[in-house]
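Whatever order the structure lists them in is the order used to number ligands and atoms, beginning at 1. Each residue takes its place number in the sequence, starting with 1.
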Amino acid sequence: MKERLWRYITRYKALLAAGIVCVLIANVGQMIGPIILRDGIDDLTSGVTQAKLLYYGGAFVAINLVAGFFVFLQRRLIPTVARNLEYDLANDFYTHLQKLPLEFYQTSHTGDLMSRATSDLSAVRMIVAGALLYAVNTLFGIALILPLMLSMNWRLTLLAFLPLPLVTLTTKIVSKSIHDESTRVQEHFGTVANRLQESLAGVRVIRAYVQEAAEMENFKRVNTELVRRNVRLIHLNSFFTPVVNFIIGIAVVAGVWYGGLLTLRGQLTIGQLFQFILYLEFLIYPMLQLGIIVNYFQRGMASMSRLHEVMSIEPVIDGAVESDEVTDIKGEIEFRHLYFNYPGNTEPALKDINLRVQPGQTVAFVGNVGSGKSTLVSLVPRLLDAEPGQILIDGRPIHTIPLRTLRSSLGYVPQETFLFSDTIFANIAFGAPQADSREVERSALEAGLAEDVEAFPNAYATSIGERGITLSGGQKQRTALARALIRQPRILIMDDSLSAVDTHTEAKILAHLRRVRFQRTNLIVSHRISTIKDADLIVVLEDGYIVEQGTHSELITRGGLYARLYEKQIFEKELTAA
Ligand SMILES: Nc1ncnc2c1ncn2[C@@H]1O[C@H](COP(=O)(O)OP(=O)(O)O)[C@@H](O)[C@H]1O
Ligand SMILES: [Mg+2]
């Protein structure tokens, strides 16, 4: 993991080295300043002249200008490296997330991933921007100045320097508690925001169940907690500065007292005492930083290992041997003795599935909830991965087809619709970014959505979701279907994706889709038998097995599960009609 971080850092070694050289020069400059002052004071005590004043004053200003310039450079270079590193790491992390198997997303929390992608990344950045910069600065400062001080008078140095490690320790302890506490405040703020978001989104449910008072009470509770934590943070902060100043005061007093004594005894000149006190002051800040450095480093490494945890998960789907020749898909699908087991489940979700779908066929899948329909159709776009050889597309094992080719020939409309808070146009054109308005309108027409959209205030430019109008369940589903159709897929998979559309419209859409069937294989999961009875093949699933298959009339004649489901639905329809 350290190696991984190191690999990112070494990409910018030239910039980083330049930054470190700047730190060194700035420190040397800050070391020379007090020497000039010492000589100046000692020289001026023997008589003040204008020339002397000009010389020492000019030299002091000049050296500080140079040092200041290099401080400026160092503050540009090192944080730039840190930002670049964060950028690279964020890109790699995001790319990796896109490749991870779906099971990963089912077992991890979105909030957790979000925090890894944001606060952990910035904690890693602080290793370079904070820890590294301060560490180099402290190291140079101490390495250059402490020996100088010791050579002036080692007893004085030890006496004055003695309290400074206490500054380091205090900083370390307090800055850690401040950080821990502010993280808790942050987290708690997240809880408050979440609570608020949920009660706004769920306002209808809250009113319908007359839970306003309870909700307000709830909110008040989390909000009070937020204030309490913030006050703690303020206390911690207010405690820190006086304590550190007190310790520094002790060091300076000890230095001035013993140094003054030495001056009186003639062992130090006034200029030297001045130089010494300036050095002492100069060391205080690096000593203070040392405490922060340790925290930054520990925090950054902990975050790096949290990122590493995710980044070391293998993207399973990517590993297959793909053949480059396959650039086109005709649409034949074959399942061969397919078993599929979700990780952690004892019983397979699909058992011994054998099925061959010809290009251009429309196959419908029916069965009770949990019978395996969604699982079966998810295997085709490889949202789930079956064992090699159990699924063939156009006669080739599915994992030898480049994923890009496979997925770009496929339209998949999931059971749960997901739309972005964007315009209808953008939502439909999502998988076909180059699509023009004619194509968008054509697919909206095919999906039975066009009439609805034309009634919207800005037609296709109407925003939906948080930023715009709210679509009905059926409209959402038809938008998702249009999104799949615009890609003119060879294989169209609809996983009960018209469930919120009324029966009549669903039948109309499916009839239209079948009309272009010579170009397209359709896999349709539906719980409404009335809308799928014209399919070329109906497959009935039960407990992960295919229990029946055939055309509508064949299955009705057979009098099995399908016939029972059909009769039940006819009966229900008559009931509602009556
Ligand atoms: N992500 C999952 N993890 C574990 N088990 C699952 C998962 N998704 C579905 N299952 C199980 O697989 C079986 C088939 O589910 P599914 O394919 O969703 O059925 P259907 O779509 O026919 O309702 C069920 O027993 C279900 O509990
Ligand atoms: Mg399902």
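Donor-acceptor pairing under 3.5 Å is lacking for the side chains of Ser371 and Asn368. Judged purely by distance below 3.5 Å, without hydrogens or angles, the side chains of Asp385 and His399 never pair a donor atom with an acceptor atom.
Listed by number with element, the atoms of ligand 1 under 4.0 angstrom from any heavy atom of Ala349 are 12 (O), 13 (C). For ligand 1 and Thr375, the ligand atoms under 4.0 Å from any heavy atom of the residue are 14 (C), 15 (O), 16 (P), 17 (O).
Counting heavy atoms of neighbouring residues, nucleotides and ligands inside a 6.0 Å radius, atom NZ of Lys351 exceeds 12 of them. Atom CZ of Phe219 sits in a crowded spot, with more than 12 heavy atoms from other residues, nucleotides or ligands closer than 6.0 Å. Residue Gln569 qualifies as enclosed at atom CD: its count of foreign heavy atoms under 6.0 Å is above 12. Within 6.0 Å of atom CZ in Arg11, more than 12 heavy atoms from other residues, nucleotides or ligands are found, so the atom counts as buried in its surroundings.
For the Mg ion (ligand 2), the N/O/S atoms of Thr375 include none lying under 2.8 Å.
Ser374 CB, 3.7 Å is the protein heavy atom nearest to atom 18 (O) of ligand 1. Atom 20 (P) of ligand 1 has Gly370 N, 3.5 Å as its closest protein atom, hydrogens excluded (heavy atom only). Considering only non-hydrogen protein atoms, atom 1 (N) of ligand 1 sits nearest to Gln106 OE1, 3.0 Å. Of all protein heavy atoms, the one lying nearest to atom 19 (O) of ligand 1 is Gly372 N, 3.2 Å. Closest protein heavy atom to atom 9 (C) of ligand 1: Tyr342 CE1, 3.4 Å.
Distance check on atom 27 (O) of ligand 1: every protein heavy atom falls at or beyond the 4.0 Å cut-off. Put simply, atom 6 (C) of ligand 1 has protein non-hydrogen atoms near it, under 4.0 Å away.
Close N/O approach between Val369 and ligand 1 is not found [any backbone or side-chain N/O within under 3.5 Å].
Ion pair Glu446/Arg442 flagged as a salt bridge, since at least one NZ, NE, NH1 or NH2 atom sits closer than 4.0 Å to an Asp/Glu carboxylate oxygen. A salt bridge between Lys330 and Glu332 is absent, with no side-chain N of the basic residue lying under 4.0 Å from a carboxylate O of the acidic one.
The structure places CG of Leu541 at 10.5 Å from CD of Glu548, a figure rounded to the nearest 0.5 Å.
Heavy atoms of Gly367 come nearer than 4.0 angstrom to ligand 1 in no pair at all.
Residue contacts with ligand 1 for Asn368 involve N, CA, C or O but no side-chain atom from C-beta outward (heavy atoms, distance under 4.0 Å).
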